[in-house]
Undergrad: 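Take a look at this one; I'll ask things after.
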Amino acid sequence: MEKSCSLLVHFDKGTPALANEIKEALEGNDAAAKVDAMKKAIMLLLNGETLPQLFITIVRYVLPSEDHTVQKLLLLYLEIIDKTDSKGRVLPEMILICQNLRNNLNHPNEYIRGVTLRFLCRLNEVEIIEPLIPAVLLNLEHRHPYVRRNAILAVMSIYKLPQGEQLLADAPEIIEKFLSTEQDQSAKRNAFLMLFNCAQERAINFLLTNVDRVPDWGELLQMVVLELIRKVCRTNKAEKGRYIKIIISLLNAPSAAVIYECAGTLVSLSSAPTAIRAAANTYCQLLLSQSDNNVKLIVLDRLNELKSSHRDIMVDLIMDVLRALSSPNLDIRRKTLDIVLDLITPRNVNEVVLTLKKEVVKTQSGELEKNGEYRQMLIQAIHSCAIKFPEVASTVVHLLMDFLGDSNVASAMDVVIFVREIIETNPKLRVSIVTRLLDTFYQIRAARVCSCALWIIGEYCLSLSEVESGIATIKQCLGDLPFYSPSEEGEAAETKKSQVVNSITVSSRRPAILADGTYATQSAASETAFSPPTVVQGSLTTGNLRSLLLTGDFFLGAVVACTLTKLILRLEEVQPSKVEVNKASTHALLIMVSMLQLGQSSVLPHPIDNDSYDRIVLCIRLLCNTGDQIRKIWLESCRESFVKMLSDKQLRETEEIKAKAQTSHSQPDDLIDFYHLKSRRGMSQLELEDEVQDDLKRATGEFIKEGDDANKLNRILQLTGFSDPVYAEAYVTVHHYDIVLDVTVINRTKETLQNLCLELATMGDLKLVERPQNYTLAPESSKQIKANIKVSSTETGVIFGNIVYETSNVLERTVIVLNDIHIDIMDYISPAVCTDAAFRTMWAEFEWENKVAVNTVIQDEKEFLDHIIKSTNMKCLTAPSALEGECGFLAANLYAKSVFGEDALVNVSIEKQADGKLSGYIRIRSKTQGIALSLGDKITLKQKGGS
């Protein structure tokens with residue numbers, strides 16, 4: 001079995017030193033050579049060598065050395081050698097060591113005394129320690145604090161030994177006296193720690209006697225005091241009030257570590273509003289005073305926890321939390337906005353939105369590289385505020401519309417989606433939004449943003465002036481027709497031919513070929529100059545729609561055609577003059593035909609796609625011949641679908657809020673203390689508040705532990721058979737980052753089992769934390785053995801092993817093989833929510849994909865989807881309305897997050913065959929291989945259903 005080791009030494013792999021070379025170096029007089037030799041000896045011992053011949057050499061030549069480094073290395077050597085024989089008795093040669101240690105403890109140099117005292121802390125052999133105790137106690141009175149603080153640690157470790165109370169019976173009393181006179185902060189901390197661990201009552205008495213001096217104690221001692229308070233209050237809740245006063249007095253300590261611990265302790269011990277407010281204020285103070293980003297993120301996590309349990313108090317501190325946006329780190333800003341958005345109320349929404357607006361304006365002027373991403377986050381936050389509180393929309397919508405032409409496409413996209421939602425939910429703002437959109441439309445650079453803006457223009461331009469402005473804006477952004485001249489088409493065709501024949505030949509006037517392979521063409525009316533295919537520089541001289549169309553974006557062309565069609569249909573309703581209507585209609589038809597011509601010409605490298613072609617042709621037919629039914633579909637049904645989508649989204653959000661707000665309830669006959677009938681004698685306001693909060697928790701069932709014993713029984717796994725001489729079963733508890741196996745082992749024989757050992761091994765990303773121990777098991781008795789296993793990623797793992805034991809009759813060891821324990825990936829995955837845009841982005845980025853073919857007896861698409869959601873513990877992101885109806889097809893996106901922060905994406909695409917069976921694929925994507933494979937295996941195992 002492996003031995004325990006308290007050293008961690010860097011070891012350069014190379015040729016190991018020989019024992020003879022080490023011996024020679026130790027026998028010499030050169031101190032540097034001795035240091036080197038001692039280091040080599042320690043390395044060999046740590047690597048499993050025994051080197052018995054070196055001991056006497058070290059006693060003769062190293063013990064007398066006065067060199068401090070040699071003496072330090074000697075103590076390390078003594079720490080790792082075997083000091084006992086196979087039966088556990090101390091080796092006789094250790095007496096030589098004992099005399100040397102006594103001399104070191106009385107050495108005139110304080111460093112030698114200190115390192116020797118530190119060495120005694122790691123010594124477990126009573127026979128060696130006992131003669132040294134008087135010398136250790138004398139060191140408690142040494143003039144140097146370094147010696148005193150190590151002497152206290154030595155006293156504590158000796159007192160903690162199994163026979164420690166006999167060796168040092170009066171140790172707590174000695175340390176208590178020492179504590180009252182000691183001035184050095186570090187030595188005081190060690191003394192208080194010793195009382196805390198070995199004589200808790202004395203530590204409490206000392207604390208309560210010196211309660212007024214606690215704020216003046218050093219940081220180290222204050223940290224131990226907080227640890228003591230936490231321990232005492234957990235065991236004795238009635239004493240909480242007096243300790244909470246101490247914590248609140250420490251909240252003004254100069255040390256950031258102390259006030260952070262104080263805030264955490266307050267939250268864990270009390271629910272009184274005064275205490276929680278003090279803790280929250282402390283966290284906000286730390287958030288602003290600390291420059292380390294990691295500290296800020298940790299503090300934000302604490303504030304997030306407070307938000308979920310004490311929202312009312314956190315609402316008052318919303319502006320303090322918002323000040324964290326001054327940090328340039330995006331993660332900090334994202335966390336801050338997430339917390340703030342959950343704390344918005346009608347009272348503070350205007351103030352919050354004003355701050356967010358200021359931040360948006362700041363992103364315009366700054367030169368930071370991540371400004372675009374930060375702006376996007378701010379726009380999403382403002383969007384969320386405006387949806388919850390429509391009255392603030394009017395103050396922000398016009399500011400945000402300035403960013404429709406943002407070079408960051410994602411940010412501009414968020415703005416246009418926000419505008420689309422606000423124009424529907426706030427009818428009062430419709431006119432001003434439409435006017436502003438038409439004024440700024442030419443600035444839009446991205447095709448996706450243009451498409452959405454065109455849809456808004458087509459749906460919400462209702463009056464005559466708006467419809468005419470809408471048509472005029474589109475015409476202006478498309479520029480003069482046609483989109484190319486015949487000479488350009490001829491030149492483009494010639495260029496293509498010349499490139500095929502001879503790539504070196506260059507036409508005298510050919511279109512410039514851009515870096516992405518598209519053509520920059522010139523027409524008689526205007527010039528185009530643009531960079532990437534989907535983003536162009538909009539200006540009044542060169543229409544942005546024209547520039548985008550000339551990159552070959554015919555989907556946008558189809559959207560332009562549909563928008564013009566809607567505007568002409570609406571113009572027919574609001575324009576009394578038929579001449580004007582026909583004129584506008586003719587021009588719209590001309591634009592559509594020109595787009596079709598452009599798509600079929602050789603000016604662009606790629607012809608128009610079939611979908612866009614069909615859509616533009618449909619628009620042309622519609623304008624030539626319009627029926628009332630078609631008019632209704634185009635002018636009313638689109639808007640109705642959008643309204644339904646918004647109401648669905650709102651319904652889902654409301655349901656999620658309701659689900660979060662559900663609290664546990666207690667039984668109607670549970671005992672409740674009444675606030676007004678409470679005895680208030682001698683209680684401070686804080687203690688009274690704390691009592692009341694505890695009563696409220698008792699009344700609402702918050703003290704009731706979750707999960708009942710019946711559920712626990714489902715997690716018990718049988719490891720051996722009933723007929724085996726040793727029966728074992730395990731109760732598996734899965735925490736976030738570790739698994740605890742609570743194994744019950746029962747000796748079913750009439751013999752005593754010796755050296756019984758539970759040996760475990762793991763497969764996958766699981767690691768055993770402790771080494772197995774040996775136990776002796778009496779006949780028909782049982783033993784509880786705990787094993788901790790660390791988990792480092794979301795992956796299906798297997799724990800397997802055996803039980804090994806000896807009996808008195810048989811010399812051989814008996815081995816019983818245990819059943820395997822399979823760790824389920826579902827314990828680490830929880831349903832989560834993300835936006836469609838974020839899902840698509842992750843889907844494109846993640847490199848691991850696992851494709852599982854659908855193979856099931858379930859015949860209903862919706863039922864199969866529900867079965868997969870239940871089996872994989874994931875959240876369906878696809879709206880319920882999108883899954884309604886019977887069409888024989890179903891596509892849905894599922895999402896979950898692991899406790900390690902990994903994302904799991906699943907796309908279910910299924911089709912109902914003619915014979916009623918389902919076919920299709922379930923695709924899983926993730927950043928890591930483990931989660932994709934494990935989830936795929938789980939789906940393959942569970943998808944059949946019906947069993």
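Computed from a predicted model, the values in this text were never measured in an experiment.
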Undergrad: What distance do L120 atom CG and L101 atom CG have between them, rounded to the nearest 0.5 Å?
TA: 6.0 Å
Undergrad: Check whether N210 reaches the backbone of R213 with its side chain - one donor and one acceptor, N or O, closer than 3.5 Å.
TA: no
Undergrad: Going by the angle between their ring planes, with limits at 30° and 60°, are H144 and Y146 parallel, tilted or perpendicular?
TA: perpendicular
Undergrad: If only atom types and distance count, is the side chain of E806 paired as donor or acceptor with the main-chain N or O of L753 below 3.5 Å?
TA: no
Undergrad: Can you pull out every salt bridge (Lys or Arg N to Asp or Glu O under 4.0 Å) where at least one residue sits in residues 189-201? Sequence neighbours excluded, please.
TA: none
Undergrad: Taking the side chain as every heavy atom from C-beta outward, state whether F178 and K188 have any atom pair closer than 4.5 Å.
TA: no
Undergrad: If we only count heavy atoms from C-beta on, is the I112 to H68 side-chain gap below 4.5 Å?
TA: yes
Undergrad: Nearest 0.5 Å please: distance from the CE atom of M194 over to the CD1 atom of I152.
TA: 9.5 Å
Undergrad: Looking only at side-chain N and O atoms, does R302 offer a donor or acceptor that is under 3.5 Å from a partner on Y260?
TA: yes
Undergrad: Is there a side chain to side chain contact (heavy atoms under 4.5 Å, CB included) between K40 and M43? Walk through the geometry before answering.
TA: CA-CA 5 Å; K40 286 176 181 173; M43 295 291 184; 5.6 Å; no
Undergrad: Less than 4.0 Å between a side-chain N and a carboxylate O, is that true for K296 and D292?
TA: no
Undergrad: Check side-chain contact (heavy atoms from CB on, under 4.5 Å) between P725 and all other residues, then give those that pass, not counting sequence neighbours.
TA: T749, Y805, I816
Undergrad: Side chains of I229 and I247: does their closest heavy-atom pair fall under 4.5 Å?
TA: yes
Undergrad: Would you list the pairs meeting salt bridge (Lys or Arg N to Asp or Glu O under 4.0 Å) in which at least one residue belongs to residues 129-155, sequence neighbours left out?
TA: E110-R143, R148-E182, R149-D184
Undergrad: Crowded around D30 CG? As in, over 12 foreign heavy atoms under 6.0 Å?
TA: yes
Undergrad: Working to the nearest 0.5 Å, report the span between OG of S65 and CD of Q71.
TA: 6.0 Å
Undergrad: Within the distance-only criterion (no hydrogens, no angle test), does the side chain of E219 pair as donor or acceptor with the backbone N or O of A257 below 3.5 angstrom?
TA: no
Undergrad: With sequence neighbours excluded, what pairs up with R230 under the salt bridge (Lys or Arg N to Asp or Glu O under 4.0 Å) test?
TA: E261
Undergrad: Could you tell me whether the side chain of L756 reaches within less than 4.5 Å of the side chain of T776, counting heavy atoms only?
TA: no
Undergrad: Under 3.5 Å, is there a donor-acceptor pair between the N104 and R113 side chains?
TA: no
Undergrad: Taking only residues at least two apart or on different chains, which pairs with a member in residues 154-180 satisfy salt bridge (Lys or Arg N to Asp or Glu O under 4.0 Å)?
TA: E176-R202
Undergrad: Check whether any side-chain heavy atom of L758 sits under 4.5 Å from a side-chain heavy atom of V745, and report yes or no.
TA: no
Undergrad: Quick one: list whatever passes side-chain contact (heavy atoms from CB on, under 4.5 Å) with N819, sequence neighbours left out.
TA: none
Undergrad: Do I821 and I739 have side chains that approach each other closer than 4.5 Å (heavy atoms only, starting at C-beta)?
TA: no
Undergrad: Measure the shortest side-chain to side-chain distance between E125 and I129 over non-hydrogen atoms and say whether it is less than 4.5 angstrom.
TA: no
Undergrad: If I take atom CD1 from residue I746 and atom OG1 from residue T720, how far apart are they, to the nearest 0.5 angstrom?
TA: 8.5 Å
Undergrad: For the pair Y727 and E729, evaluate side chain to side chain donor-acceptor pair (under 3.5 Å) and give the outcome as yes or no after the intermediate values.
TA: CA-CA 7 Å; Y727 174 75; E729 63 182 22; 2.9 Å; yes
Undergrad: Keeping N139 on the side-chain end and L105 on the backbone end, is there a donor-acceptor pair under 3.5 Å?
TA: yes
Undergrad: Is there a side-chain contact between L193 and M156 in this structure, where contact means two heavy atoms from C-beta onward sitting under 4.5 Å apart?
TA: yes
Undergrad: Any chance you could measure I803, atom CD1, to L777, atom CG, to the nearest 0.5 Å?
TA: 9.5 Å
